[in-house]
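Every number for a ligand or one of its atoms is a count from 1 in the order of the listing.
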Amino acid sequence: MIRDYFRVLTVDLSTGRGRIEEIDGRTACAGGSGLAALLFSKTGLFDRTWDDPGQPLIFAIGPLTGYFPLMSKVVCAFKSPYHDQYAESHGGGRAALSLRFADLDALVITGKARRPSCLVVGSRTLEVKDVHYLWGKSVQRTGRILRRMVGGSGHRSILRIGPAGENLSAMACINVDTYRHFGRLGGGGVMGAKNLKAIVIVGDGSFDLPAGKEYSPLFQKIYGQVTETSMMDKYHNLGTPINVAVLNGIQALPCRNLQATSDPAIDGITGETFAERTLLRNTACAGCPVGCIHLGFVREKFGEPHEYLYRQVTYDHEPIFAMGAMLGVLDASQVLILLEIAEKMGLDVMSAGVALAWATEAFEKGLLSEEETLTPLKFGDAGAYGLAVKHLGEGANDFYRLLAQGTLKAAAKYGGTDFACVLGQEMGGYATGEVFFVSQALGLRHSHLDAGGYSYDQKQKGKDVAQAVEFLVQDEKARVLLTSMVSCLFAREVYKETVLADCLNAVGYRDLAQNTGDLARRIQKMRWQIRLKTGFDPGSVQIPERFKQVVTWKGPLDTEYLDSLQKAYTQQIREMGKSDESGS
Ligand code: SF4
């Protein structure tokens with residue numbers, strides 16, 4: 001299984017045929033983010049739009065997948081319906097191990113199927129099934145039917161889209177094994193454009209564990225750290241929703257379309273409340289002993305006098321912020337109901353919640369009427385939001401179809417650009433200040449996880465522009481190394497650079513282990529080169545006025561500092577994106 005090349009399956013949906021290729025570049029690109037960028041540089045159509053049938057949809061794993069705990073993510077890369085540029089999205093579930101057991105470093109899907117289809121791949125399998133009867137079905141129903149149709153329970157991973165993806169929404173996610181997602185930047189829309197309702201990866205092969213003496217003790221040491229020390233405790237215990245009360249307490253939680261940074265009634269949706277009132281159980285991605293996935297229950301009355309059924313819905317900080325605090329919905333059960341509707345539609349809940357928060361303020365200001373929203377929108381009105389989420393997923397009218405392409409696109413038509421909470425894409429759940437706002441607005445994935453700007457805002461008191469930008473560049477580089485392996489970023493305190501080098505050595509990738517610093521720098525640069533080549537101009541990014549009116553525990557936002565950070569980080573990105581000897 002250790003090899004100095006990548007074993008990649010490329011499938012053309014137009015013909016239903018695939019081929020295995022051995023692609024050079026292991027030492028330069030490692031895997032994950034690096035491999036996805038390499039494959040996009042070879043197969044991406046830079047001068048054509050995102051929905052051109054020839055565009056690739058890429059899924060890549062890393063050199064440590066299957067060998068160490070929490071090496072459980074897959075990097076998905078594509079040209080995004082959101083901005084028509086290169087995009088990466090990361091997802092967990094069972095997909096990474098299924099690819100490893102199918103003996104694939106990556107899956108590349110091109111072409112467009114003639115009929116709505118499901119692609120089934122494994123170590124000995126490649127089939128494009130006609131599943132026209134699944135078109136229009138929810139994510140959950142599609143999953144239930146596919147679990148019966150395709151064997152390999154326990155070894156297979158089922159990726160699918162809902163109506164939002166079929167409608168080519170730029171907010172459509174790809175659901176992975178029910179509780180995880182390739183959430184952001186519209187991967188679900190890319191599948192929809194390919195007539196691809198689902199992908200089943202069957203991990204039907206096997207692989208040997210490394211033979212050397214180093215592997216077993218190193219595995220035991222890392223396993224012990226993640227299970228027996230407090231390092232990962234918070235993720236299993238309350239999970240990321242612990243942040244809701246913390247951020248609210250320091251006035252850094254975006255509330256009601258960022259008109260406020262805290263809410264006195266936040267107790268209804270804190271991590272503690274979700275755990276006490278709704279938590280059923282925890283679950284985990286395959287290969288992870290931490291189990292940070294929290295499942296709450298939604299109860300529905302279906303008969304008198306007391307006939308109920310319940311369903312399980314996953315929750316995290318980001319979904320709670322987007323469908324809770326941002327919409328003024330401050331009841332845990334009501335938030336779970338909204339999350340479940342978004343899940344059914346196959347919508348990215350963060351994008352959907354932030355977009356509807358803008359729509360609510362626009363409705364209140366008279367920029368939108370019921371003719372557009374189809375239901376009167378009001379902060380706190382969970383019933384109305386239930387309908388609106390469905391309308392957004394289904395693309396119920398021109399307004400919702402435009403909103404599904406991005407809040408700024410709707411604001412350009414209806415007004416309200418100044419209060420659109422968009423930082424490259426709809427914002428993440430942190431109103432911590434200048435460094436985070438610039439980090440997400442300019443970050444390669446426009447993700448709160450591109451770099452730890454939210455943490456820098458909380459820890460650093462000074463306003464040293466050069467120091468902050470250096471932090472963003474270096475922190476992104478460290479994360480790029482992790483996502484090239486492909487580690488869950490929650491394990492970033494465990495998998496420091498030296499530990500990753502030890503892991504690579506232990507499994508036999510000694511060349512990769514020798515210079516992880518250069519490796520990370522090279523991949524970071526390569527990703528920026530591709531992003532810029534697909535049209536990204538960091539100098540044209542505008543941070544809407546609403547962010548400049550934010551007041552946190554530090555006081556009002558410093559617009560001068562924000563502008564200086566933006567200029568300096570733009571300069572750094574341009575430097576990283578310059579062509580050089582790597583030739584990308
Ligand atoms: S910590 Fe959570 S997201 Fe990360 S691999 Fe484990 S279960 Fe998945």
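- For Arg281, the CZ atom counts as densely surrounded, since its 6.0 Å shell holds more than 12 non-hydrogen atoms of other residues, nucleotides or ligands.
- Formation of a donor-acceptor pair under 3.5 Å by the Asp105 side chain with backbone atoms of Arg7 is found in this model.
- By the 6.0 Å contact criterion, OH on Tyr223 is open, its count of non-hydrogen atoms from other residues, nucleotides or ligands being 12 or less.
- Within the 6.0 Å centre-distance limit, the rings of Phe59 and Phe182 are counted as a close aromatic pair.
- Atom NZ of Lys390 is surrounded by 12 or fewer heavy atoms from other residues, nucleotides or ligands within 6.0 Å.
- By the 4.0 Å heavy-atom criterion, Arg180 is counted among the residues contacting ligand 1.
- Taking 4.0 Å as the cut-off, Phe490 counts as a neighbour of ligand 1 on heavy-atom distance.
- The closest approach between any non-hydrogen atom of Ser72 and ligand 1 is below 4.0 Å.
- By the 6.0 Å contact criterion, CZ on Arg510 is enclosed, its count of non-hydrogen atoms from other residues, nucleotides or ligands being greater than 12.
- Closest to atom 6 (Fe) of ligand 1, if we only count protein heavy atoms, is Cys288 SG, 2.3 Å.
- Close approach of ligand 1 to Lys73 is summarised as follows: ligand atoms under 4.0 Å from at least one heavy atom of the residue are 3 (S).
- Counting heavy atoms under 4.0 Å from ligand 1, residue Cys488 touches it through the side chain alone.
- The closest approach between His236 and ligand 1 stays at or above 4.0 Å for every heavy atom of the residue.
- With hydrogens left out, the protein atom closest to atom 2 (Fe) of ligand 1 is Cys292 SG, 2.2 Å, a heavy atom.
- Taking the six-membered ring for Trp and the full ring otherwise, the centers of Phe68 and Tyr215 sit less than 6.0 Å from each other.
- Taking backbone and side chain together, Cys285 holds an N, O or S atom under 2.8 Å from atom 8 (Fe) of ligand 1.
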